[in-house]
Number of protein chains: 2
Amino acid sequence: MSDRSHTAQSRSECPVATALDVLGDKWTLLVIRDLLDGRRRFSEFERSPEGIPTNILSDRLKKLTEAGLIEARPRGTTTRFDYVPTDAAVALRPTLLALAAWGNDHFADTWTPPATWLEQSAES
Amino acid sequence: MSDRSHTAQSRSECPVATALDVLGDKWTLLVIRDLLDGRRRFSEFERSPEGIPTNILSDRLKKLTEAGLIEARPRGTTTRFDYVPTDAAVALRPTLLALAAWGNDHFADTWTPPATWLEQSAES
C-alpha cells in the first residue's frame, strides 16, 4: 500500500469508489490503455481511434500525473514531454483486461485484443 | 457474444472503449457494485455511503435497464420496482474485484472487501 492517503475528496472508504474517484470517466482508462500499449507522446494519444478532444487529453494527462499514474519526462531540450506509466498505472492491467473481456463478451463487432496487448512493462 | 450490436454511438471497436461507453462515469460501477452486493430497491441504493444524488440514481438505473444490465421488476401491486442484475451485470464481477484490489493497493484507508463481497449470484 502506498502512502498516498485516501483523501478528503474521496466519496467513501470503498476501494471501488476511491478508484473511480481517479478513473471514473469516459476517457481516463483509455489513456491508461494507450500508455500500456506503448504510447508516450501527446500526438500519439491524439491519434487513438476514439478521437479524444485535445483539451480533455491535456486535462487527463495532468490529472494522471498529479495522481501518480504518469511520470511526465521532458523530451530532450524541447518543451514537450514523454508520458510514462508508473507502476501504479501498470497495475491497472488486470482491470483493463477484465473490461476488455466483458466488452468482447457483450458487444458484437468489438475486436479481440492481440496476445501482445497490454503486455508492455513499465519503464524505469 | 450477445446480439447486442456495437452501435453507431460507440467510439471505436475497442472492447474497453465500448465497455466505457456504458460504464465510464463516476457512478455506474458503484450501482453495479451495490446490485452485486444484493441491493434491489431504490431506497437501498440511495443509502450507499457515497450519497448518490437521487436524479443521478434514477438516470443510471434507467440507462442500465436500457443497456440490458438490470431487469426492473414491478414489486407486487405497487408502482415501485426491484432492480435485479442480469447475467451481463454479474459478469462485471471480475472487473469490480480488479478495481477493488487496485484501490486497496494504492490508497491507504480503503477497506478490504469481505470474502462474501460480490459473491451473490444473479437471480433467475
So, does B:Trp102 use its side chain to make a donor-acceptor pair with the main chain of A:Ala88 at under 3.5 Å?
-> yes

Distance (rounded to the nearest 0.5 Å) between A:Thr86 OG1 and B:His106 NE2 = 7.0 Å

A:Asn104 and B:Pro15 have their tightest heavy-atom pair at ND2-CB, 3.5 Å

CZ of B:Arg11 to CD1 of A:Ile52: how many Å apart, nearest 0.5 Å?
-> 8.5 Å

Side-chain contact, heavy-atom cut-off 4.5 Å: A:Phe107 with B:Val22?
-> yes

To the nearest 0.5 Å, tell me how far B:Leu29 CG sits from A:Leu23 CG.
-> 10.5 Å

For atom CZ of A:Arg75, decide whether the heavy atoms of other residues, nucleotides or ligands shown that lie under 6.0 angstrom number more than 12.
-> yes

What is the distance from atom CG of A:Leu20 to atom CG of B:Asp25, rounded to the nearest 0.5 Å?
-> 8.5 Å

How long is the span from the SG atom in A:Cys14 to the CG atom in B:Leu30, to the nearest 0.5 Å?
-> 6.5 Å

Run through B:Ile32, B:Leu97, B:Leu96 and flag the one making a side-chain contact (heavy atoms from CB on, under 4.5 Å) with A:Val16.
-> B:Leu96

